[in-house]
Structure formats: structure tokens, C-alpha cells
Protein chains: 2
Amino acid sequence: MTRWLDDDEQRTWRDFLAATQLVNEALDRQLQREAGMPHTYYMILVALSEAPERSMRMSELAARAQSSQSRLSHAVARLEERGWVRRRPCDSDRRGSFAALTDEGFAALAAAAPGHVEEVRRSLFDVLTPEQLGQLAEICAAVRNTLEP
Amino acid sequence: MTRWLDDDEQRTWRDFLAATQLVNEALDRQLQREAGMPHTYYMILVALSEAPERSMRMSELAARAQSSQSRLSHAVARLEERGWVRRRPCDSDRRGSFAALTDEGFAALAAAAPGHVEEVRRSLFDVLTPEQLGQLAEICAAVRNTLEP
DNA sequence: GCTAAGTATATGAGAGTTCAACTAAAATGG
DNA sequence: CCATTTTAGTTGAACTCTCATATACTTAGC
């Protein structure tokens with residue numbers, strides 16, 4: 001009944017798990033060490049920094065930062081404590097709220113970005129040939145398009 | 001100074017993050033829902049099940065299950081509470097200890113495996129062409145060989 | 001309009017992870 | 001040998017994540 005993985009598939013799967021975990025751990029450690037934040041927080045700041053007025057509705061932000069709403073809510077609470085983000089109510093829909101990046105938050109992001117990009121290159125881009133990078137792009141796009149709601 | 005990512009690289013990077021996260025979340029949800037354990041626990045059980053006598057030193061187990069020692073220690077404590085794993089001291093090195101999969105643990109693993117493999121296929125293997133799968137295998141192996149200690 | 005259903009967000013508890021510190025036992029090396 | 005350093009493993013605290021639930025508002029249906 002079950003279509004088990006053959007040896008090749010097993011190896012691919014385990015390499016996939018190992019590789020993606022290694023990349024994610026490298027990212028998280030670098031950001032935690034040099035910027036005092038986890039990667040998920042960094043993604044939230046990035047998303048906000050790219051929005052008009054550096055401000056966005058919470059649900060929109062959750063989507064862009066690839067976060068669940070609950071996770072985002074907790075995270076923004078912490079970011080607010082640090083003064084990096086501020087929440088404001090939404091006028092047109094009184095259930096909603098906006099999260100806005102503060103100047104301090106933008107500064108923290110700007111300070112973190114170079115080290116982060118370095119790490120991204122070190123742990124992924126520099127490891128692959130240009131051809132492999134192209135292949136990876138297509139593979140990830142395919143997965144994303146299939147799995148994303 | 002900083003070599004920022006160009007637009008193509010940005011897109012690749014974000015697709016990579018999204019895709020790997022989607023796969024990991026799918027795995028974790030499936031296992032949590034149908035087997036009551038996170039994927040990290042599953043990996044521990046798998047590693048043990050493949051060892052001689054279904055038993056292994058903690059450090060070896062940490063390496064095989066891609067876990068930090070601390071994480072493993074906590075996890076095995078929980079697995080012990082469930083009766084899925086048992087710890088025994090090591091004779092030849094009295095600092096060390098073995099973790100052994102119990103029959104109940106093996107049964108839990110056997111019960112979880114089919115649904116898990118299904119999910120692996122659904123969220124990754126079935127999405128890709130055979131060619132892409134080969135490419136992914138090489139990419140992941142390259143990353144692993146570079147980043148792994 | 002008024003009720004029912006749906007949406008946007010928050011919140012609390014429980015569980016897992018990390019990091020730094022700690023214990024204990026081996027290996028190293030004068 | 002004895003002192004130092006390394007290794008194996010555990011532990012507790014702080015933090016993040018998930019899941020279920022709660023709240024407040026909005027939209028639909030009648």
C-alpha cells in the first residue's frame with residue numbers, strides 16, 4: 001500500500017532535511033549572535049520595511065513574513081517592547097490593526113542586514129554553481145506554487 | 001562592501017525560505033496530528049530503529065538525528081516518559097549513556113511511518129520531475145558537505 | 001434591522017528549543 | 001601520577017511556537 005522511499009529517495013530526503021536545517025540554523029545563529037533576533041523577527045522587519053510608510057495590516061504582514069497570525073501577534077508584541085515596531089488601530093476596519101516599523105526598528109534592520117546577507121551567501125549561494133542556483137530556483141518555485149494556499 | 005542580492009537572487013532566496021518552510025510545516029503538522037509527535041522526535045526514533053539492537057550512544061544519536069545534544073537530551077527525557085525510549089548507562093565510558101528504542105517506541109514509529117512517507121511524497125517528491133529530484137539531490141549534498149562540521 | 005456566520009487579532013497554556021552553566025568522567029602531558 | 005584540558009551528558013531559565021479559545025467587529029441572509 002505505502003510507497004516507501006527507495007535508497008536513492010531516502011538519501012535525497014535525508015540530504016534535503018540536513019541541508020535545509022543547516023542553512024536555517026546558520027541563519028538563525030548569525031542573526032541571534034550579531035543582531036539579537038531570530039530569523040522570523042528579521043523577516044517581519046524586512047516585510048515592514050518594504051511596505052508603504054513601513055506599515056502594514058497584521059494579516060498582510062503575516063502572509064508576507066510567512067508567519068502564522070498567532071506567531072506574528074506574539075512576535076510583534078516582543079518587537080513592540082523593544083521599540084522596533086508600533087501598532088496602531090485601523091480606521092476603516094475596527095477589528096484590524098497596523099504594525100509600523102519605527103526608526104529604531106529600521107536602524108536595527110539596517111544594522112543586521114549586511115551580516116545576514118553575508119551568511120546567506122556563505123551558507124547557500126556560494127556553495128552552488130550558477131546552474132544549480134537556477135535549478136534550485138525552479139524547484140523552490142514549484143514547491144511553493146504547489147503547497148502554498 | 002556588502003554584496004547585496006540582486007532581484008533574481010532575492011526571488012530565489014525567498015522561494016527557498018518559503019518552500020523549505022512549507023515542507024517542514026507540512027511534515028510537522030502531519031506527524032503531530034496523526035502520531036502526536038514533532039518531526040524531531042520522529043527522526044530520533046528512526047535513527048534508533050536503524051541502530052544495532054535499536055540502541056545508540058547519545059552523542060551518536062544526536063549526530064544521526066541532526067539534533068543538538070541539549071535538544072536530544074530534553075527530547076529523550078520526554079520520549080522516556082512516554083515509554084518509547086529507555087536510557088541505560090554505558091559500561092566502557094561511565095560518562096556516557098545509551099538510548100534504546102522500546103517495543104512500544106518501535107510500534108509508535110511503525111504506526112507513524114506510512115502517513116509520514118505519504119506526506120513526504122505529497123509535499124516534495126510528487127511536486128518535482130525526476131530530473132529536478134536529481135538536481136535537488138546534488139544541491140543538498142553540496143550544501144551538506146560544505147556546511148556540515 | 002436583526003440575527004447568524006465569518007473575519008481580524010489577541011491571549012494563555014503547553015511544548016520544544018537554545019544557551020550557558022554544571023557535573024562527572026576520561027584523556028593528555030609534563 | 002597529578003593537574004589540566006576535553007568530552008559526555010544533563011539541567012534550568014528564557015524564549016519562541018503552536019493550538020485552542022476568546023473578543024470584537026463586519027458581513028450576509030432573511
Side-chain angles (χ1 to χ4, degrees), chain A residues 21-22 24-45 55-82 84-100 149, chain B residues 21-22 24-45 55-82 84-100 149:
Chain A
Q21 196 183 324
L22 284 166
N24 275 310
E25 284 174 356
L27 286 174
D28 244 329
R29 260 200 310 277
Q30 185 278 326
L31 278 172
Q32 195 65 60
R33 194 177 55 240
E34 294 178 22
M37 65 178 121
H39 186 224
T40 48
Y41 286 22
Y42 185 85
M43 287 170 67
I44 291 167
L45 300 187
S55 171
M56 227 186 302
R57 284 291 291 273
M58 289 295 281
S59 5
E60 171 88 9
L61 182 53
R64 299 229 187 219
Q66 289 159 218
S67 172
S68 72
Q69 294 209 145
S70 174
R71 182 157 89 203
L72 179 67
S73 201
H74 286 293
V76 167
R78 300 305 146 83
L79 291 170
E80 238 179 336
E81 289 169 8
R82 301 192 196 184
W84 291 356
V85 169
R86 204 162 25 230
R87 258 184 288 212
R88 297 187 315 92
C90 173
D91 293 331
S92 62
D93 183 342
R94 262 170 306 189
R95 294 167 302 181
S97 59
F98 282 94
Chain B
Q21 195 183 325
L22 285 165
N24 274 309
E25 284 174 356
L27 286 175
D28 244 329
R29 261 200 308 277
Q30 185 278 325
L31 278 172
Q32 195 65 60
R33 193 177 56 240
E34 294 179 23
M37 65 179 119
H39 185 224
T40 49
Y41 287 22
Y42 185 86
M43 287 169 67
I44 291 168
L45 300 186
S55 172
M56 226 187 302
R57 285 288 292 273
M58 288 294 281
S59 4
E60 171 88 9
L61 182 52
R64 299 229 188 221
Q66 289 159 219
S67 171
S68 72
Q69 292 207 149
S70 173
R71 181 157 92 203
L72 178 66
S73 201
H74 286 294
V76 167
R78 299 304 145 81
L79 291 169
E80 238 180 337
E81 288 169 9
R82 301 192 196 184
W84 289 356
V85 168
R86 206 164 20 233
R87 257 184 288 213
R88 298 189 313 93
C90 173
D91 293 329
S92 61
D93 182 342
R94 263 170 303 189
R95 295 167 301 182
S97 59
F98 282 93

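Order of the sequence lines sets the chain letters (A, B, ...), proteins ahead of strands, with each chain counted from 1.
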In whole angstrom, give the distance that lies between atom [atom1] of [X] and atom [atom2] of [N].
| X | N | atom1 | atom2 | value |
| --- | --- | --- | --- | --- |
| A/E81 | C/dA10 | CD | P | 13 Å |
| B/E80 | C/dG16 | CD | P | 15 Å |
| A/Y42 | D/dT16 | OH | P | 18 Å |
| A/L31 | C/dT17 | CG | C1' | 17 Å |
| A/H39 | D/dT16 | NE2 | P | 15 Å |
| B/R29 | D/dA20 | CZ | C1' | 15 Å |
| B/Q21 | D/dT18 | CD | P | 8 Å |
| A/Q69 | D/dA24 | CD | C1' | 15 Å |

Which nucleotide wins on minimum distance to the side chain of [X], given the candidates [options]?
| X | options | result |
| --- | --- | --- |
| B/R82 | D/dT10, D/dT16, C/dG16 | C/dG16 |
| B/T40 | C/dA10, C/dT18, C/dG16 | C/dG16 |
| A/R57 | D/dT16, D/dT11, C/dT9 | C/dT9 |

For [X] and [Y], which heavy atoms make the closest approach, and how far apart are they?
| X | Y | answer |
| --- | --- | --- |
| B/L72 | B/A62 | CD2-N, 3.5 Å |
| B/R87 | B/S97 | CD-OG, 4.2 Å |
| B/S55 | B/F98 | OG-CD2, 3.6 Å |

Assuming nearest nucleotide by heavy-atom distance, tell me which of A/S97 and A/Q32 is located more 5' along DNA chain C.
A/S97
Counting C-beta onward and ignoring hydrogens, is there a side-chain heavy-atom pair between A/Y42 and A/Q30 closer than 4.5 Å?
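Side-chain contact under 4.5 Å: no.
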Please check this pair: side chain of B/Q66 against backbone of A/Q21, looking for a donor-acceptor N/O pair closer than 3.5 Å.
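No; judged by distance alone, with no hydrogens or angles, the pair does not exist.
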Any residue in residues 85-96 of chain A with a heavy atom nearer than 4.0 angstrom to DNA chain C? Just list them by number, or reply none.
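By residue number: A/R87, A/R95, A/G96.
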Could you check which residues of residues 71-78 of chain B get a heavy atom under 4.0 Å from DNA chain C? Sort them by number, please.
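Close to the strand are B/R71, B/H74, B/R78.
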Can you tell me how far CG of A/L45 sits from CE of A/M37, rounded to the nearest 0.5 angstrom?
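Here the interatomic distance stands at 5.0 Å.
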Rounded to the nearest 0.5 Å, what's the gap from CZ on B/R78 to OG on B/S73? Could you check?
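Going from the CZ atom of B/R78 to the OG atom of B/S73 covers 10.5 Å.
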When you measure from the side-chain N and O atoms of A/Y41 to the phosphate of D/dT16, is any distance below 4.0 Å, counting only OP1 and OP2?
yes
Below the 4.0 Å mark, does C/dT9 have OP1 or OP2 next to a side-chain nitrogen or oxygen of A/S70?
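It does not, given that no N or O in the side chain of A/S70 lies less than 4.0 Å from OP1 or OP2 of C/dT9.
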Atom CZ of A/R94: over 12 foreign heavy atoms under 6.0 Å
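Count not over threshold, so no.
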Please identify each residue that fulfils salt bridge (Lys or Arg N to Asp or Glu O under 4.0 Å) with B/R29, with sequence neighbours left out.
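Applying salt bridge (Lys or Arg N to Asp or Glu O under 4.0 Å) to B/R29 gives none.
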